> 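Okay, here's the structure, questions in a sec.
Counting starts at 1 for both ligands and their atoms, in listed order. A quick note: this is a predicted structure, and the numbers were derived from the prediction, not measured.
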Amino acid sequence: MPTAPTSASAGTTPREFATVFRPGRVPVVGRFALAGGMPFQPDAPNTVRSMALSFLPPGGEEWRTGMNNMPVFPVNSARGFYEQLLAFSPDPATGKSDPAKTKAFLAAHPEAARALALIKKREVTSGFANSTFNSLNAFRFVDAAGASAPVRWSVVPVQSVAANAAGQPEAGDENYLFDELIAQIAQHPRQWRLIVTIGQAGDPTNDATQPWPEGRQQVDAGTVTIERASSEDGGRCAAVNYDPLVLPAGIEPSDDPLLSARSAVYARSFRLRAEEEHEKPPSAVTPEEVQAGGKS
Ligand code: HEM
C-alpha cells in the first residue's frame, strides 16, 4: 500500500537499457504482502514476504515487478506449482499437509527439494524494512543496438539488518509486520538499493529454482524510497495487477516459463478480487491508526 518515488543513484547505472534507469526521480506505487493468498492470516516471521512495485517513468511506460524474500522459487514450471499446491494443501481433518503426498512431490521434483533446502536456510530479518526482495525470475536487458544480457534483480535494504533478527510477534499481535512498517515509514522514509545481477552464458534463465553462481557482476541501479503508506482500501495499489510481464522498452522476458504463467494467473486473481470487492471486509491493517499513535 505504500506509494513511493525513486531516485536513480549516482555512479554506474544500466542507463543504456531502459528509460527507468536514467538519472532522475520516477514515481512508484507498491504493495507489501505476505504470500499464501489469505488476506487475514496472522503475520508470522517465516511467512514469505513480498514487495511489488510499479515504476512510472515519463512517456507512458511502466515497469511492474513482484519480488519475494526468498533466494530461489520452489518450482520451475506452472505444472510444478500446481502439484506443489496439491501436495502441501492441508487435510481438512488434521489441518496439516499429508506427509505421504509431500514426500511423493519432493521425490518427483528434486529441483523443488533443493530449492526448499535453500529457502529454509535463508536469513529471516525482523521485518519488511530490513528484508531483501528478489525477482527470482530472470529477464533480459536489451540495448538500442539489440544487444542483450540476462539479468535478475533485487532490492536490498539500506536499513541495517541485525543478524538473526527474526522478531517474534507478541501474542495476539496479528499485524505486527505491517504495523511496524507503517510506523517506521511514518517516522522516516525507508530505502532499498535496486541491485541488478548480470548473468553469464550458461546461467539458467528458465529455472527459478536455481541460484546463479556467486560473484556475478552486480550493478547498483538506483534507490527505491518508500515515503508514504496507505491502506489497500482505496490505496493506489488496489487498482494495480502486479503482472511481471508489464515491462518498459529495454527490459524483456527471459525464457522462464513461470513468467507467462504468472501473468495469466495474476490477471485471473485480480479479476476475482475485483468481483468480490463489494463483499470484502475492511483491511485489518490501518495506517491511519498506526500513524496517529493508536498502534505502535
Ligand atoms: C519467481 C516466481 C514468483 C515470484 C517472485 C512471485 C511473486 C509474487 C508477488 C510479489 C505477489 C504479490 C503481488 C501483489 O502484492 O500484488 C504474488 C502474488 C501472486 N502470485 Fe506469485 N510469484 C511467483 C510465482 C508464482 C507462480 C508460479 C504462481 C502460479 C502459477 C503465482 C501465483 C500468484 C498469485 C495467484 C498471486 C496473487 C495475485 C493477485 O491477486 O494480484 N506466483 N506473487
> Considering only protein heavy atoms, which is closest to atom 30 (C) of ligand 1, and at what distance to one decimal place?
Phe81 CD2, 3.6 Å
> For Met67, counting its heavy atoms only, list the atoms of ligand 1 lying under 4.0 Å from any of them.
10 (C)
> Is any N or O atom of Asn241, backbone or side chain, closer than 3.5 Å to an N or O atom of ligand 1?
no
> Look only at the side chain of Asn134 and the backbone of Met70, and say whether a donor-acceptor pair between them is shorter than 3.5 Å.
yes
> Determine yes or no for a side-chain-to-main-chain donor-acceptor pair under 3.5 angstrom, with Asn69 supplying the side chain and Arg49 the backbone.
yes
> Kindly say whether the aromatic ring centers of Tyr242 and Phe270 come within a distance under 6.0 Å.
no
> For Leu136, take its heavy atoms, then give the atoms of ligand 1 lying under 4.0 Å from any of them.
1 (C), 5 (C)
> What are the atoms of ligand 1, with element, lying closer than 4.0 Å to any heavy atom of Leu258?
27 (C)
> For atom 13 (C) of ligand 1, which candidate among Gly36, Ala52, Ser260, Ala274 provides the closest heavy atom?
Ala52
> Do Trp212 and Thr197 have side-chain atoms, one donor and one acceptor, less than 3.5 Å apart?
no
> Considering only the protein, which heavy-atom contact is closest to atom 2 (C) of ligand 1, and what is its distance?
Phe73 CD1, 3.4 Å
> Where does Pro244 meet ligand 1, judged by heavy-atom distances below 4.0 Å: at the side chain, the backbone, both, or neither?
neither
> Classify the ring geometry of Trp153 against Trp63: parallel below 30°, tilted from 30° to 60°, perpendicular beyond 60°.
perpendicular
> So which heavy atom in the protein is nearest atom 38 (C) of ligand 1, and how far is it from that ligand atom?
Ser269 OG, 3.6 Å
> Would you find a donor on one side and an acceptor on the other, under 3.5 Å apart, between the side chain of Trp192 and the backbone of Ser131?
yes
> Is it the side chain (CB and beyond), the backbone, both or neither of Arg273 that lies under 4.0 Å from ligand 1, heavy atoms counted?
side chain
> Can you find a heavy atom in the side chain of Asn137 that is under 4.5 Å from one in the side chain of Arg262?
yes
> Taking 4.0 angstrom as the limit and counting only heavy atoms of Val265, give me the atoms of ligand 1 inside it, by number and element.
29 (C), 30 (C), 32 (C)
> Report the nearest protein non-hydrogen atom to atom 12 (C) of ligand 1: residue, atom name, distance rounded to 0.1 Å.
Ser50 OG, 3.8 Å
> Decide whether Ser54 and Arg236 meet the rule of one side-chain donor and one side-chain acceptor closer than 3.5 Å.
no
> Would you mind listing which atoms of ligand 1 come within a distance below 4.0 Å of any non-hydrogen atom of Asn137?
1 (C), 2 (C)
> With a 3.5 Å distance limit and no angle check, can you tell me whether Thr223 reaches the backbone of Thr225 through a side-chain donor-acceptor pair?
no
> Ignoring hydrogens, just give me the one of Arg31, Arg271, Arg64, Arg262 whose non-hydrogen atom is nearest atom 23 (C) of ligand 1.
Arg262
> I want to confirm something. Looking only at heavy atoms, which of Tyr82, Phe270, Tyr266 is nearest to atom 20 (N) of ligand 1?
Tyr266
> Determine whether the side chains of Thr47 and Gln41 contain a donor N or O and an acceptor N or O closer than 3.5 Å.
no
